[in-house]
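Some notes on the structure that comes next.
Values below: every heavy atom of this structure, side chains too, minus hydrogens, waters and symmetry copies.
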Amino acid sequence: MSGVVTGDAVVLGLQPARLPSRALAVLIDLVVVWAAYVLVMIGLMVATASLDEAAVAAVSVAAFLLVLVGAPIAVETLSHGRSLGKMACGLRVVRDDGGPIRFRHALVRGAMGIVEILMTFGVVACVASLVSERGRRLGDVFAGTLVVRERMPAARVLPVPPPPPWLVGRFAGLDLSAVPEGLWLEIRQYLTRARELDPGVGRQLAERLADQLVARTGTPPPAGVPAETYLAGVVAERQARDARRSLAEAGGGGGVGTRAGAWTGAGTGVGTGAGVPGGFGGGGAGVAPAAAVPSGVSPVVPPVQPSAAPPAAVPAVPAVGSSREDGPPATGFAPPA
């Protein structure tokens, strides 16, 4: 990776393109440009058949400069450093500070490309790229540019090996608030690559990281526990805390919503008649059903304020089929004699 520093003093981790990928990109560009040049020259030969030799030579030189020099410059300027070959190989031309190139950068690279690519068949460009630390040719040096890789392979995220079962839960009371993220990253990288290191080097690195962790937490590892095992146990404890915190946040949000919905149903049911959440039902002072009230909580029913005048008494209606002592039955139906 190349430490490219921007104007704001920010270091960019860019991977410079090496000679094989750059040579392939240049080869693709040359094939496309020469094919276009041949087609243009065929058309000019047909169009300038009636002109003299001087005019034909002038048109040929102009076509050479426009197609083989001007076209690549225009493409790199308009595409901000991505020609057809660079697009195919996943490359891009950027400034030394990581910004996009402009016309002057593309012009200097194209002018120098005539000498180090076309006139010397790429020998000068290959030698300069091999000598340069970041694989730059002379055109990049004079223009202040750099060819970098855009498509980077995705890094594999290796899992941290778990600690022994007898060590799980031993660090539950450990204070991890003072451990910086940089130290966590170093410990994780060591644990994921410990099997690839030399045993002696890995032991020294584990002891150094364990000492830093003890200095941050203030608690030494248990007696007889190796440094690598101690690091694995502490990392597992931190992961377990993060998992419990995430579950608590997710569960807390769901519980609040459920309780709020239950109380909403209970409050809506009171005074709407049937007590159904959502306000359905007839008039009256109904109470929400048990399903709308949380378990173990009694619904609060507001007291009914008496009106100024007592309601009029409603006459009792006798049941169907009952009879009175005087008069016909309540239904008005007289049975046959």
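The shortest heavy-atom contact between Ala106 and Ile73 is O-CG1, 3.6 Å.
When side chains are defined from C-beta on, Pro221 counts as touching Val214, because their heavy atoms get closer than 4.5 Å. The shortest side-chain heavy-atom distance between Arg188 and Val235 does not fall under the 4.5 Å cut-off. Here the side chains of Leu91 and Val148 are not in contact, with every heavy-atom distance at 4.5 Å or above. The closest side-chain heavy-atom distance from His105 to Val94 is not below 4.5 Å.
We find that Asp242 and Arg245 are joined by a salt bridge, their nearest charged nitrogen and carboxylate oxygen being less than 4.0 Å apart. Ion pairing between a basic and an acidic side chain is recognised when a charged N comes within 4.0 Å of a carboxylate O; Asp211 and Arg216 show no such pairing. Using a 4.0 Å cut-off between charged side-chain N and carboxylate O, Arg193 and Glu228 make no salt bridge. Electrostatic pairing of Arg95 and Asp140 does not count as a salt bridge here, judged by no charged N lying under 4.0 Å from a carboxylate O. Using a cutoff of 4.0 Å between basic side-chain nitrogens and carboxylate oxygens, Arg241 and Glu237 are scored as salt-bridged.
For Glu116 (side chain) and Gly139 (main-chain N/O), a donor-acceptor pair under 3.5 Å exists by modelled atom type. When atom types are taken as modelled, the side chain of Thr192 and the backbone of Gln189 share a donor-acceptor pair closer than 3.5 angstrom.
Within a 6.0 Å radius of CZ in Arg244, more than 12 heavy atoms belonging to other residues, nucleotides or ligands are found.
Neither side chain, Asp175 nor Thr217, offers a donor N or O lying under 3.5 Å from an acceptor on the other.
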